[in-house]
Amino acid sequence: MKNKAQKIFESHFGNPTVQVFSPGRANIIGEHTDYNEGYVLPFAIGQGIWFLAAANSTSVMNIIAANTGEIARVDLSDHSYIPVFGWEKYLLQVIRTLDLHGNHGLDLVFFGDLPIGGGVSSSSAITCGFISVLDSLFDLGLTPDDMIRTAVTAEVGSGVRGGIMDQYTIFNGVSDKAILLDCRTGSHKFVDLNMRGYHFYLINTNVRHNLVQTDYNSRRAECDRAVGLISVNHKKISALRDLTLSDLPAIRELLDDTLFNRVSFVVQENDRVLHAVEAIRSHNWNKLGELLYGSHDGLAQMYEVSCDELNWLVNFTLDVDQFLGARMMGGGFGGCTINLTKGKISLDLVRKIEIEYEKAFGLKPEIMPITAENGILGGIE
Ligand code: GLA
């Protein structure tokens with residue numbers, strides 16, 4: 001992957017002076033909890049995007065998306081640039097967020113193996129990778145926190161009111177560890193993923209989600225509304241994170257069914273994250289699997305962010321002993337499931353999933369083994 005990016009860079013621009021690998025992220029459990037100031041348990045994965053770049057002492061950014069061959073030329077001194085391709089808006093939001101002007105021209109090639117819209121944070125990988133490139137090329141002196149905050153702001157500017165999970169993980173991932181991130185305090189603890197014979201796989205529905213066009217933002221608005229109602233009528237809270245399971249009976253009467261389901265899911269999901277950490281620490285993989293299934297049920301029925309294809313893939317695993325757990329991962333409405341298996345899955349099983357899924361939906365699923373790898377900051381603890 002890097003070699004291909006290197007060749008393309010050389011043929012267009014000469015030698016790159018900066019190389020950055022920006023990984024995608026998986027999330028074991030803790031979905032739609034980050035913007036509710038709750039807990040998440042993600043890790044950076046080996047699949048991601050390579051960025052190769054050099055400053056060119058002009059005001060022009062020449063950018064090649066090597067996967068598609070698309071080329072953009074953005075003159076930083078001319079603010080009328082209108083994005084032509086899907087990915088440019090992320091780069092432009094970064095430039096805007098960092099308030100970069102005329103003399104920050106560069107040549108850049110990026111190339112990756114992350115499924116786009118697959119729920120593995122391809123957009124955050126682009127955003128975070130680009131920030132890191134700019135920081136290195138132009139000595140911007142950004143701290144890790146600055147980079148995370150810049151990435152979150154830039155992505156919110158692209159239309160999704162996302163949380164902090166993806167960007168935090170992409171910068172801070174460490175190999176063989178999951179990140180227990182407390183999204184209220186912005187601090188984390190690493191959890192050793194000593195998997196010994198157990199494995200995580202992603203299965204991509206190949207239903208492309210575009211969170212801007214889905215109900216992602218409206219889920220977030222529902223949570224905000226619930227916080228307001230609960231604060232006035234039950235107890236003062238600043239986020240759903242402030243509730244525990246024991247608050248649920250008392251708030252039942254305050255909310256309509258939909259809002260109560262949303263709130264209950266978030267409260268239960270936060271609780272599941274903490275139990276998942278215990279399960280991983282005690283190598284209780286069956287328990288972890290149960291928690292994944294519980295998370296999926298909640299996401300599908302109470303939070304309503306799943307879809308037929310995701311449900312089909314999760315249900316399929318219920319009849320296969322080797323699968324201990326599965327759930328939709330990321331924002332939802334398409335993208336991937338994350339699966340926990342005992343032992344590696346055989347090619348026969350892969351083939352069976354492919355054939356039956358294709359029969360059901362006319363789409364080919366993509367099955368990818370994943371492991372926890374270093375993030376952009378190289379696993380500096
Ligand atoms: C997307 C967002 C994240 C998070 C997840 C759902 O990936 O970017 O911040 O909210 O959805 O857990």
Side-chain angles (χ1 to χ4, degrees), residues 22-45 47-48 89-90 93 114-128 148-173 178-184 186 188 202 204-205 207-224 239-241 262 265-270 272-273 276 291-292 294-296 298-300 302-307 310 327-338:
S22 185
R25 70 95 190 90
N27 185 21
I28 300 173
I29 198 160
E31 220 62 88
H32 289 272
T33 45
D34 62 352
Y35 54 81
N36 288 303
E37 298 187 12
Y39 299 110
V40 292
L41 192 59
F43 57 84
I45 60 178
Q47 294 85 343
K89 68 174 179 200
Y90 300 109
Q93 285 298 339
L114 275 185
I116 305 294
V120 287
S121 280
S122 48
S123 52
S124 299
I126 291 182
T127 305
C128 295
I148 292 168
R149 242 176 291 123
T150 303
V152 172
T153 309
E155 284 195 64
V156 170
S158 315
V160 180
R161 288 181 66 210
I164 193 181
M165 167 170 71
D166 305 350
Q167 301 82 357
Y168 197 97
T169 310
I170 289 169
F171 281 113
N172 291 310
I179 303 172
L180 170 61
L181 170 63
D182 179 336
C183 300
R184 165 157 285 173
H188 70 260
L202 297 182
N204 189 351
T205 56
V207 176
R208 261 195 184 207
H209 74 182
N210 176 345
L211 292 183
V212 178
Q213 283 155 22
T214 66
D215 277 340
Y216 183 96
N217 286 344
S218 70
R219 289 296 174 282
R220 202 168 165 162
E222 285 167 346
C223 292
D224 292 345
L240 294 184
R241 156 67 178 278
R262 307 291 195 248
F265 166 75
V266 172
V267 174
Q268 290 166 1
E269 184 76 350
N270 275 326
R272 275 189 288 263
V273 175
L291 292 163
L292 296 191
S295 171
H296 184 77
L299 287 159
M302 300 164 89
Y303 216 68
E304 296 183 280
V305 288
S306 188
C307 63
L310 287 165
R327 64 175 199 86
M328 57 146 276
M329 193 185 76
F333 310 102
C336 291
T337 59
I338 180 164

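Indexing begins at 1, ligand by ligand and atom by atom, following the structure's order. Because the structure is predicted, anything quoted here is derived from the model rather than measured.
- Counting atoms of ligand 1 from 1 in the listed order, those under 4.0 Å from a heavy atom of Asp34 are 3 (C), 4 (C), 9 (O), 10 (O).
- Residue Gly331 places at least one N or O, backbone or side chain, under 3.5 Å from an N or O of ligand 1.
- The ligand atoms of ligand 1 that sit less than 4.0 angstrom from a heavy atom of Gly163 are 9 (O).
- The option with the heavy atom closest to atom 5 (C) of ligand 1, from among Met165, Arg219, Glu155, Glu269, is Met165.
- Counting only N and O atoms by type, the side chains of Tyr39 and Arg241 include a donor and acceptor under 3.5 Å apart.
- Counting the atoms of ligand 1 from 1 in the order shown, those under 4.0 Å from a heavy atom of Gly330 are 6 (C), 11 (O).
- Among the atoms of Asp166, some N or O lies under 3.5 angstrom from an N or O of ligand 1.
- With sequence neighbours excluded, no residue satisfies side chain to side chain donor-acceptor pair (under 3.5 Å) with Gln93.
- When Tyr216, Tyr35, Tyr168 are ranked by how near their heavy atoms come to atom 1 (C) of ligand 1, first place goes to Tyr216.
- Legend: residues meeting side chain to side chain donor-acceptor pair (under 3.5 Å) with Ser124, ordered by chain and number and at least two apart, are Glu155.
- Only the side chain of Arg25 comes within 4.0 Å of ligand 1, counting heavy atoms alone; its backbone N, CA, C and O stay farther away.
- Using cut-offs of 30° and 60° for the angle between ring planes, the Tyr303 and Phe265 rings count as tilted.
- The distance from atom CG of Asp182 to atom CD of Glu37, rounded to the nearest 0.5 Å, is 9.0 Å.
- A pairwise comparison of heavy atoms in Asp34 and Gly163 identifies OD2-CA, 3.3 Å as the closest pair.
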